[in-house]
Amino acid sequence: MEIRIEKTKNPKIKPDEDNLAFGKIFTDHMFIMDYEEGKGWYDPRIVPFGPIEVLPSLSTFHYGQAVFEGMKAYKNPDGKVLLFRPEENMKRLNQSNERMCMPPIDEEFCLEAIKTLVDLDRDWVPAAEGTALYIRPFIIATDPVLRLKPSSSYKFMIILSPVGAYYPQGINPVDIYVETEYVRAVPGGTGYAKASANYAASMIAQAKAEEKGYVQVLWLNGNYVQEVGSMNVFFKIAGEIITPELDGSILPGVTRDSVIKLLQSWDLPVVERKITIDEIYEAAEAGQLEEAFGTGTAAVISPVGGLDWQGRIIKINEGKMGELSAKIYDTLTGIQTGKIEDPFGWVVEI
Ligand code: COI
């Protein structure tokens, strides 16, 4: 399929790179492609960024049949534009599609679409420390009917946003509220899919945590630890680095997988297994909880400075960023931005 390109006649003024928020400003162009049952995906096009016209009966509005991805493009010191493991996001998008009864995309073609769009808007990729061009591919169900069933038509879109740090705290450690009233996902549910509805379901606990003065929540399933905020989570206990295993209720994060591979390449003991909140508190009491951090595309590495579990408050590494978290952050962002060598073959130049 050929991607039709309609360039904007009114390019926007680019924002100040040193004061970028997260996802508030969008570039000049966006990608759109339609799907109809029996016809497949058709009419891939890049058009000026702007509103799309839809009917109020659009099934996505009512039943939330929608999935998305989050990726970043970085500018290296020579001004080249780099993507980080983009094929992993395309693979995961199809896993999400399958879970949400949505049609698969052609992963190679959609990656080409991302590259074509980012190339067209490459002047929007910021170069300042801690910034990137956030790439948001997403798919929505577009049947204008209220019957509850998988839609027979969809739109795949990609929008781009120059971003700074996701959390205002940047990479400073954040205190976390351990959520025991609400759950994000359980095995058999949609937790492993990047389904928009998962994020809507998480908002009430996030709001509650913020009301109590915390920045994020740690999600549990029973006593088992799942994720922190919208990120995967790692704990360093007595020298061993533990992250909850992918049991179907946890998002298989690309940053999570990259951190595991980095740790393995450093010959550090990293394990994916079930871990309970009791075990974490017992380790803290025994002085063995050395570090904790979240991992995600938007937030990169977010150190956890303390936990509040039903009023039991613990500090981790005296509320400071740990040595290992700092090393992972420096190495990962170094590879992503082309500042240090990429021995894994993760970086893709556009
Ligand atoms: C990401 O990390 O890319 C996400 O999709 C999380 C989102 C809440 C910003």
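Computed from a predicted structure; not experimentally measured. The figures that follow rest on heavy atoms only: side chains count, while hydrogens, waters and symmetry mates do not. Order of appearance sets the numbers: ligands from 1, and atoms from 1 within every ligand.
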K.L.:
Quick one: does NZ or CZ of K327 land under 6.0 Å from the six-membered ring centre of W266, within 45 degrees of the ring axis?
P.N.:
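Output yes; distance and angle both within limits.
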K.L.:
Are F68 and Y199 near enough that their ring centres are under 6.0 Å apart?
P.N.:
yes
K.L.:
What atoms of ligand 1 come closer than 4.0 angstrom to any heavy atom of G70?
P.N.:
3 (O)
K.L.:
What atoms of ligand 1 come closer than 4.0 angstrom to any heavy atom of F68?
P.N.:
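Answer, ordered by atom number: 5 (O).
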K.L.:
Considering only the protein, which heavy-atom contact is closest to atom 7 (C) of ligand 1, and what is its distance?
P.N.:
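That would be R136 NH2, 4.1 Å.
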K.L.:
Are side-chain heavy atoms of F234 and V259 found at a separation under 4.5 Å?
P.N.:
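Touching, per the 4.5 Å side-chain cut-off.
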K.L.:
Show which atoms of ligand 1 fall inside a sub-4.0 Å distance from at least one heavy-atom site of S230.
P.N.:
8 (C)
K.L.:
Looking only at distances, please establish whether an N/O atom of ligand 1 is found under 3.5 Å from an N/O atom of A298.
P.N.:
yes
K.L.:
Run the salt-bridge test on K7 and D28 with the 4.0 Å N-O cut-off and return the result as yes or no.
P.N.:
no
K.L.:
Does E69 come within less than 4.0 Å of K91, counting only side-chain N to carboxylate O?
P.N.:
no
K.L.:
Can a salt bridge be assigned to the pair R273 and E279 using a cut-off of 4.0 Å between side-chain N and carboxylate O?
P.N.:
yes
K.L.:
I need the nearest protein heavy-atom contact for atom 3 (O) of ligand 1: residue, atom name and distance, please.
P.N.:
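Its nearest protein heavy-atom neighbour is Y134 OH, 2.6 Å.
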K.L.:
Backbone, side chain, both or neither: what part of Q206 comes under 4.0 angstrom of ligand 1, heavy atoms only?
P.N.:
neither
K.L.:
Got the closest protein heavy atom to atom 5 (O) of ligand 1, with its distance?
P.N.:
K194 NZ, 2.8 Å
